[in-house]
Amino acid sequence: MGSSNIRVRFAPSPTGPLHIGGVRTALYNYLFAKKNNGTFILRIEDTDQTRFVPGAEQYIIESLNWLGIPFDEGVETGGDYGPYRQSERKNMYAQYAYQLIDNGLAYYAFDTPEELDAMRERLKAANMPPKYDAASRMSMKNSLTLPEDEVKERLERGDDFVIRIKLPRNEEVRFEDIIRGWVVFNTSQLDDKVLLKGDGMPTYHLANIVDDHLMKISHVIRGEEWLPSAPLHVMLYKFFGWDMPQFAHLPLILKPDGNGKLSKRDGDRLGFPVFPIDWEDPKTGEKSSGYREAGYLSDAVVNMLAFLGWHPSDNQELFHLEELVEAFSLERVSKSGAKFDQDKAKWFNHQFILRADNQDLKTLLASRLEDKHLAKGEQYLMDVIQMMKEKVSFAQDILSAGDFFFEVPEEYDEKVRNKKWNAEAASGLQGFAAYIEESKPSSSDDFDAALNTYATENEINKGKLMQPLRWAVSGQAGGPPIFDMLALLGIEEVVNRINLVCEKFATSN
RNA sequence: GGCCCCUUCGUCUAUCGGCUAGGACGCCAGGUUUUCAUCCUGGAAAGAGGGGUUCGAUUCCCCUAGGGGCUACCA
């Protein structure tokens, strides 16, 4: 709970998994709140009952918990301004719509969908903007055009109706956006948006203004896609006579190639997650992969997301959450959209893996551990983690790229085999195998010394032996420092593997 | 189409009128007594175009171009 009057909300609608653009909006809200000792609120905007998806709300909460950005107030958490689910606030909204009607600032509209379509077609044909506005409303079926007693009769009869805002014909609307500065609109460009729907539920526009007011929201931090409806919201505050919160419209996260908003399709197409955690659609069964399951560390995702549209005043790149809180300000959020960069995301993750506690990495890997990983004991596993974490971008790569630590390689790199594997290498390795069985090296330095001595004594170039040795033992062309590897594997295993490749890949030259 | 927003290296960005335009990812080269998906060093790489304002513009203003968002009884 914050000690200041700064109150911000993240207000997603539970229509599916939370897109990383939404995650970033939540993050910026959180950072701003914490930086200013404010309160971070989760409000679920589920006024569209037709789009409700079971589990989506839980998904949102789980995602943000994973990322370490908890709510001070909200669904599940509670608070003094609840309920925090708009569907549970349903009966609070209508009165505000009627208040506007009483003040002549809104009106009933009885038009059917077909009539609305016809109106739009007619206007389009006449080369006019197809809007329900100050001009067109006078030719529609509403309480402005219908005789008073017919309106009354329709209402009493229970006819379907909506309540629309009655916007002035030509009035300048302006507000100062924290990120963009003054933004100016004219009501002549807007239309009489529906405030209360036929099912009695408010639209986003009404609900968000009423709730933000009732919940004493001080700053509305949301995506740029809301900018066009901001003037409508400004008008609503004005009509209600309420103080307006400050607005900050965030730049969009764009697809890596080409242009446009980042979408699930882009992730599927280019092979990276667009969602924080895995999700399976309960209706279609469609699966979406998440950062968590892909092996990303939550801190890395937070850091990466923070930098998509924000930058500190110095050149520091790596931030933990608390440091982000300290450094964050809306003024340093950029105006233009940011293309998502998968390589940078990987780099961030690598940086955090590098710095991660080995025990934490082990915990992270827990669900992926098989018998073979545990067979050689706790310390062995930890040594592998220590050695491999410097090489990999994703946690699970510690296990996959380091699989040779747990069992004989399944495959042997073809290129190394073709280039480095020959009779000379084979006999050299066999000689070395015999040598270490005798000299019993145990530490990394011992193995290093052993190879040096063996090479010198037999007048072999040490370098010519190293790659075949690495390859024979791991099957790979690269990996951790070779002598560290040998020391961990142990003499017996090293000798075994040397013998194995000599059998498997008999050399003729 | 209309309205609104945006425009510095390929990408994310720094610069709050006077810089050899800085950093990071990626890329290239070299190095780490010979591995590399690590690490270090170095390198190539940018102010969309045109007008103004100013002693001086990447920075302020205008126009053009390009990109994006919105344009539902969805949020």
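Throughout, a chain's letter reflects where its sequence line sits, starting with A, and its residues are numbered from 1.
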What integer distance in Å separates [X]:[atom1] from [N]:[atom2]?
| X | N | atom1 | atom2 | result |
| --- | --- | --- | --- | --- |
| Arg470(A) | A37(B) | CZ | C1' | 12 Å |
| Ile253(A) | U11(B) | CD1 | P | 17 Å |
| Gln396(A) | A37(B) | CD | P | 18 Å |
| Asn303(A) | C25(B) | CG | P | 13 Å |

Could you encode protein contacts along nucleotides 63-75 of chain B as a string, one character per nucleotide from 5' to 3', using B for base contact, S for sugar-phosphate-only contact and - for no contact, with a heavy-atom cut-off of under 4.0 Å? ----SSBS--BBB
Ion pair check, Asp266(A) and Lys255(A), cut-off under 4.0 Å: yes
Val416(A) versus Trp421(A): any side-chain heavy-atom pair under 4.5 Å? no
Ignoring backbone atoms, test whether Gln351(A) places a side-chain nitrogen or oxygen under 4.0 Å from the OP1 or OP2 oxygen of C39(B). yes
With heavy atoms under 4.0 Å as the rule, sort [X] into base, sugar-phosphate or nothing.
| X | value |
| --- | --- |
| Arg332(A) | sugar-phosphate |
| Ala401(A) | base |
| Pro231(A) | nothing |
| Thr50(A) | nothing |

Restricting to pairs with a member in residues 228-239 of chain A, which pass salt bridge (charged side-chain N to carboxylate O under 4.0 Å, His left out), not counting sequence neighbours? Glu171(A)-Lys238(A)
Sorted by chain and number, sequence neighbours left out, side-chain hydrogen bond (donor to acceptor under 3.5 Å, both in side chains) with Ser444(A) holds for Asp484(A)
Quantified in whole Å, what is the C1' atom distance between nucleotide A65(B) and nucleotide G50(B)? 10 Å
Do Lys346(A) side-chain and A37(B) base share a donor-acceptor contact under 3.5 Å? no
Polar-atom pairs under 3.5 Å, protein N or O versus N or O of nucleotides 20-22 of chain B: list them with distances, or write none.
none

By salt bridge (Lys or Arg N to Asp or Glu O under 4.0 Å) - contacts of Lys420(A) (at least two apart): none
What residues form a salt bridge (Lys or Arg N to Asp or Glu O under 4.0 Å) with Arg157(A), not counting sequence neighbours? Glu153(A), Asp159(A)
